[in-house]
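Down below is the structure, laid out as structure tokens.
Just follow the structure's listing: the first ligand is 1, and inside any ligand the first atom is 1.
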Amino acid sequence: MTKFNIPYGRHNIEQDDIDSVVKTLQSDLLTQGPKVEEFEHKFAKYVGAKYAVAMCNATAGLHLAVLSLNLKKGDRIITTPITFASSANCARFVDAEVWFADINPETYLIDIDKTRELLKSKPKGFFKGIIPVNFGGLPVNLEDFKKLADEYDLWIIEDSCHSPGGNFTNSKKQDQYCGNGNYADISVFSFHPVKHIACGEGGMITTNSKEIYDRVMLLRTHGITKNNMKENHGNWYYEMQTLGFNYRLTDIHASLGITQLAKNDKRIIKRNQIANKYIKAFNGKVKFQHTPSGYLNAYHLFVVEVKKRKKFFEFLVKEGIVPQIHYIPLHTLPYYKSIGYENADLKNAENYYKNCFSLPMYPSLSDEEQNHVIKKVLEFVNKEY
Ligand SMILES: Cc1ncc(COP(=O)(O)O)c(C=O)c1O
């Protein structure tokens with residue numbers, strides 16, 4: 001029997017988070033109150049974008065992102081097969097087609113050369129947009145993707161669910177924070193508990209476009225607005241201008257988001273310290289996600305590749321370590337198979353999936369716990385390889 005019970009990810013709720021939620025619970029407004037707006041303003045400032053709109057989760061955010069960019073039935077987008085289903089499903093919500101570009105075998109991110117090949121293989125106008133994913137917390141180089149997107153008249157939705165606070169240095173030596181809107185039309189973040197900022201459920205989209213912002217605001221609340229009041233209208237007057245949804249975040253969730261956001265930079269430093277310790281211990285022995293220089297990996301995950309993965313998984317579980325696999329390639333899931341993706345040629349993604357493995361990564365992981373993880377990983381590798 002081991003005394004350890006170490007998950008791959010864990011939320012981190014402190015007294016100030018609890019106090020903030022309790023204060024909202026004691027206030028007059030539980031939803032559509034001041035906390036959502038405060039969270040939006042603070043989040044927009046944090047990532048350096050003009051606008052932020054809070055949502056009930058990132059999947060809703062991705063849905064409104066594609067709607068606000070007018071993605072329609074029969075249109076086509078490109079994304080990575082190594083991501084959570086929502087990054088691709090958002091296109092399916094509007095009956096658009098998903099095309100996958102293979103990953104880079106070192107960074108595990110969507111490969112720009114494979115994306116270019118795909119674009120070149122079809123006439124201009126065939127694709128409408130690209131949805132790159134900052135997988136594991138490592139930002140995609142959106143400056144390069146934006147150049148490619150401009151060549152083919154595409155929009156970009158940055159799936160930044162793994163990377164609030166991550167950045168990369170662009171060709172002008174400026175740090176580009178995920179979600180700042182300099183290259184992507186829209187960025188989407190998740191506040192699921194296992195992510196950096198835990199709201200329970202929650203999401204945010206950021207953009208620098210007033211037009212997209214207005215459209216997302218309208219769609220988030222049933223397509224209803226009070227923005228068209230005339231002098232002769234009573235105060236009750238509103239208009240439903242389009243078919244929208246109830247994708248609002250509550251003030252309860254937002255008040256948690258505000259206190260969590262304030263701690264994000266400090267926690268990313270801790271996540272990087274944990275990653276550096278893994279890297280030092282595994283260098284030359286275990287392959288891990290490569291973070292090129294000039295990139296601040298927000299380290300939502302610490303992903304390694306191991307042989308005999310199932311045996312390794314079972315061995316770690318016995319040792320009190322509960323890892324996870326991110327992700328089963330989307331084109332191999334029954335739903336995507338059933339709509340014709342069965343024979344997609346995505347070798348890097350499939351090879352990656354055979355060996356990938358997410359080790360514990362969260363700011364409250366103690367030294368003792370991490371030492372135990374490292375010891376057990378190396379024990380397995382030394383014995384089995
Ligand atoms: C890359 C990615 N995109 C989108 C989502 C969807 O986020 P949510 O659970 O907030 O809808 C997730 C959640 O796991 C994710 O990891």
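Nearest protein heavy-atom neighbour of atom 13 (C) of ligand 1: Lys195 NZ, 3.0 Å. Among all protein heavy atoms, the one lying closest to atom 7 (O) of ligand 1 is Ala58 CB, 3.3 Å. The shortest contact between atom 16 (O) of ligand 1 and any protein heavy atom is with His162 NE2, 2.8 Å. Regarding atom 4 (C) of ligand 1, its nearest protein heavy-atom neighbour is Cys161 SG, 3.5 Å. Residue, atom and distance of the protein heavy atom nearest to atom 9 (O) of ligand 1 are Ser190 OG, 4.1 Å. In terms of protein heavy-atom proximity, atom 5 (C) of ligand 1 is nearest to Phe84 CD2, 3.7 Å. The protein heavy atom nearest to atom 3 (N) of ligand 1 is Asp159 OD2, 2.7 Å.
The existence of a salt bridge linking Lys23 and Asp19 is excluded, since no basic side-chain nitrogen approaches an acidic carboxylate oxygen closer than 4.0 Å. A salt bridge links Lys347 to Asp345: one of the charged nitrogens lies within less than 4.0 Å of a carboxylate oxygen. Using a cutoff of 4.0 Å between basic side-chain nitrogens and carboxylate oxygens, Arg267 and Glu14 are scored as salt-bridged. With respect to the salt-bridge test (charged N to carboxylate O, under 4.0 angstrom), the residues Lys263 and Asp16 qualify. The existence of a salt bridge linking Asp367 and Lys277 is confirmed by a sub-4.0 Å separation between a basic side-chain nitrogen and an acidic carboxylate oxygen.
A donor and an acceptor atom, one from each side chain of Tyr213 and Asn208, are nowhere located under 3.5 Å apart. Asp251 and Thr24 are not linked by any side-chain donor-acceptor pair at a separation below 3.5 angstrom, with hydrogens and angles left out of the test.
Ring centers of Tyr108 and Phe288: at least 6.0 Å apart, outside the cut-off. Note: His326 and Phe84 fail the aromatic proximity criterion, with ring centroids not under 6.0 Å apart.
Near Asn57, with a cut-off below 4.0 Å to any heavy atom, the atoms of ligand 1 are 10 (O), 11 (O). Taking every heavy atom of Ser86 and a limit of under 4.0 angstrom, the matching atoms of ligand 1 come to 4 (C), 6 (C). Taking every heavy atom of Thr83 and a limit of under 4.0 angstrom, the matching atoms of ligand 1 come to 1 (C). The Gly202 neighbourhood of ligand 1 comprises atoms 10 (O), with distances under 4.0 Å to a heavy atom of that residue.
With a heavy-atom cut-off of 4.0 Å, Ser87 touches ligand 1 through its side chain alone. Residue contacts with ligand 1 for Tyr327 involve side-chain atoms from C-beta outward but no N, CA, C or O (heavy atoms, distance under 4.0 Å). Contacts between Thr59 and ligand 1, counted as non-hydrogen atom pairs separated by less than 4.0 Å, involve both the backbone and the side chain.
No heavy atom of Ala60 sits closer than 4.0 Å to any atom of ligand 1.
The heavy-atom pair separating Pro139 from Asn134 by the smallest distance is CA-OD1, 3.5 Å.
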